[in-house]
Amino acid sequence: MVPNGETSHKGKNSGEVRQIQLPPLHNFSRQVSLETGFAALNAEENRGKNAAFSPRGAKDRRILSRNGKSLGITTGAVAGADGVRKGDFNMFRTKSALHKQLSMLPIRKESGFDLQNPDGSSAAGGGGESGREESINQSVPAGRYFAALRGPELDEVKDSEDILLPTDQIWPFLLRFPINCFGICLGLGSQTILWQSLSTNPAMSFLHIPPYINTAIWFLALLTLVSVSLTYALKTAFFLEAVRREYFHPVRINFFFAPWISCMFLAIGAPPSLAPARPHPAVWCALFAPVFVLELKIYGQWLSGGKRRLCKLANPSSHLSVVGNFVGAVLAARVGWGEAGKFLWAIGIAHYLCVFVTLYQRLPTSQTLPKELHPVYCMFIATPSAASLAWNAIYGEFDAVARTFYFIALFLYTSLIVRINFFRGFKFSVAWWSYTFPMTTASMAAIKYAEEVPTILSKGLALGLALISSAIVSSLFISTLLHGFVWCSLFPNDLAIAISRSKHSSSARNITIAKDLKSAPASRSRYDNLRRWAKKSLIPTTIDHHSSGHDSDEKRCTI
């Protein structure tokens, strides 16, 4: 009979028995998963072989939670102040060419030796850094976003989903800065055109709007565009993988049109004192070329089908990918390229009809829109309003075609106003800015209609829509400043980009980890230690301190 924590060893040449002191056994009061046990085992190994177990050691050990939390060892997000990393944000960082070449070296693949982490302290969990990076760098399927996220903007993670980054700490600012921030530039940029029309249009001459308002708003919009563009450029430079995930997001992919549309807004609404009446054609070429490249990519996916066909991805934000054609047509007419404007108008109206019918019809293969009404529905107003303005800019008159699209936009606008109660009770988000420019374009179309049909009703309608859009932009501007600088709640953790590529149950993840550990010869001993640790933690043990010494010895031997 050998006491607990000791084992006997008999020498070869003598009958001498030596007692070897072993670390004391740890009893656990509840079962834990294989992943949590592996994380705790790594934490104990990192303390050193000769480190003493402190009384607070049990408190330092954390059980990784599930729903809405990090994936634990599969991402390296193990919390602790004793050398264990709290969150592996490096998985979303931009990988240099040297890093990619080192990850492909045979010595790293065959021996498991990591040149980036020679001490073996990559991430807590035996999957390996290279395996996780390969999984992260792969594009997330479109259907996975719909399955893991909810909300009209697909920015809320479902309770049953696990994410790749920890939620109990604040992420780096660039990682929390979404592409939706360009919606601020859309709202302010469209306001420059609105106030330019209010100060120069003959139908609004009774207001006596001074031109310096347009100049002040233009400089504010330019400053905002430069700030947001520089910040997102830094995000692209340091967190390219996060930008890739936003590009494959069914909603956020449409916001990649926003920077270029905002630039075209500024080119159209530039004050006469700062820009010539007719911009140079190179301005149109430089601003619309990225939009055209994105359209070739996205419209090609709609046409060719597959997992990213229109009936699968259609949402109100898809109008952003169509509005760029009409804004580009207006700018083409400004630079004197009328035929280019007609070409863009034809492309825009063809795809607008596809998006409009798809959203109205809601095919069985489509994802249903949320029941609650949300400001995202204001995007329905943007495209017909921009189409009427583009037709007027190309042909020089607000004729029957332009009026038809204006009346469509006016009807959709009215259908949203009568349901104003459904807009209440929603949490403020920076994405709301992108829903301001549709109301601004409707106001500009109403001003053009009032110029063509100068009646009291048409002028009053144009003035009312202009006041509504300006009031909404002003309120959002104040709310943005308060949330950004006073309450510091403008940029929460962007959970939408941290979903896993595929959903696995905990048992499936445990089986995968066990297979990886068994297949690696260098990890065989760690796998055996893990099995012994898990076996000890799962066997209920009760030691009666008041029992006899003989009974205690029997219980220890049983363990």
Side-chain angles (χ1 to χ4, degrees), residues 183 186-187 189-191 193-194 197 254 257-258 261 264-265 268 291 295 299 302 310 314-333 341-362 369 373-419 434-453 458 461-462 464-466 468-469 472:
L186 288 176
S190 59
Q191 284 290 307
I193 307 176
L194 174 62
S197 301
N254 301 293
F257 291 91
I261 297 177
M264 289 189 285
F265 279 158
I268 297 171
V291 176
E295 287 179 349
Y299 294 170
W302 293 357
L310 182 60
N315 58 85
S317 298
S318 301
H319 287 97
L320 271 176
S321 60
V322 181
V323 169
N325 293 289
F326 300 117
V327 179
V330 174
L331 185 58
K342 296 175 183 177
F343 172 74
L344 296 181
W345 195 92
I347 296 176
I349 198 62
H351 290 87
Y352 166 65
L353 294 177
C354 296
V355 173
F356 184 78
V357 172
T358 303
L359 292 176
Y360 248 74
Q361 189 176 6
R362 307 310 303 170
L369 290 175
L373 197 61
H374 192 271
V376 71
Y377 286 87
C378 294
M379 300 296 290
F380 281 93
I381 310 172
T383 310
S385 301
S388 63
L389 292 173
W391 185 273
N392 176 78
I394 295 171
Y395 296 98
E397 57 181 352
F398 207 80
D399 57 5
V401 177
R403 296 182 191 183
T404 299
F405 287 100
Y406 165 66
F407 291 147
I408 293 175
L410 188 61
F411 171 78
L412 295 175
Y413 200 122
T414 307
S415 65
L416 295 178
I417 291 178
V418 297
R419 293 172 174 83
S434 58
Y435 313 138
T436 58
F437 89 94
M439 291 178 283
T440 306
T441 54
S443 304
M444 292 185 289
I447 293 174
K448 290 294 183 180
Y449 179 76
E451 181 183 0
E452 192 72 21
V453 185
S458 61
L461 180 62
L465 294 180
I468 291 175
S469 63
I472 292 177

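If you're wondering where the values come from, they're calculated on a predicted model, not measured in any experiment. One is the number of the first residue; the rest follow in order along the sequence.
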Roughly how far, to the nearest 0.5 Å, is the [atom2] atom of [Y] from the [atom1] atom of [X]?
X	Y	atom1	atom2	result
Met444	Ser469	CE	OG	8.5 Å
Met439	Ser385	CE	OG	11.0 Å
Trp302	Ser318	CH2	OG	5.5 Å
Ile447	Leu461	CD1	CG	10.5 Å
Ile268	Ile193	CD1	CD1	4.5 Å

Task: side chain to side chain contact (heavy atoms under 4.5 Å, CB included), paired with Val355, selected from Leu353, Val357, Thr358, Leu359 - done: Leu359
Open item on the list: Can you list everything that forms a ring pair (Phe, Tyr, Trp, His ring centres under 6.0 Å) with Phe407? Sequence neighbours excluded, please.
Closed with: Tyr449
Would a 4.5 Å heavy-atom cut-off, applied to side chains only, mark [X] and [Y] as touching?
X	Y	answer
Leu412	Phe356	yes
Phe380	Pro438	no
Leu320	Leu186	yes
Val327	Val291	no
Tyr299	Val322	yes
Tyr377	Leu416	yes
Glu451	Phe398	no
Ile468	Tyr413	yes

Task: Counterpart residues, side chain to side chain donor-acceptor pair (under 3.5 Å), relative to Thr383 (two or more places apart) - done: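 Result, side chain to side chain donor-acceptor pair (under 3.5 Å) vs Thr383: none returned.
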- [ ] Starting from the C-alpha separation in whole Å, work towards a yes-or-no answer on side-chain contact (heavy atoms from CB on, under 4.5 Å) for Val323 and Thr441.
- [x] CA-CA 11 Å; Val323 169; Thr441 54; over 6 Å; no
Open item on the list: Looking at Val453, is its backbone amide N or carbonyl O close enough to the side chain of Ser458 to form a donor-acceptor pair, meaning the two atoms are under 3.5 Å apart?
Closed with: yes
Open item on the list: Can a donor-acceptor pair be found, under 3.5 Å and without considering hydrogens, that links the side chain of Ser443 to the backbone of Leu465?
Closed with: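 Looks like yes, one N/O pair under 3.5 Å.
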Task: Of all pairs that satisfy side chain to side chain donor-acceptor pair (under 3.5 Å), the ones with a partner from residues 392-409, not counting sequence neighbours - done: Trp391-Asp399
Task: Closest non-hydrogen atom pair, Met379 against Pro316 - done: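 Looks like CB-O, 3.2 Å.
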Task: Phe257 and Glu295: CA distance, side-chain angles, deciding distance, side-chain contact (heavy atoms from CB on, under 4.5 Å) verdict - done: CA-CA 9 Å; Phe257 291 91; Glu295 287 179 349; 3.7 Å; yes
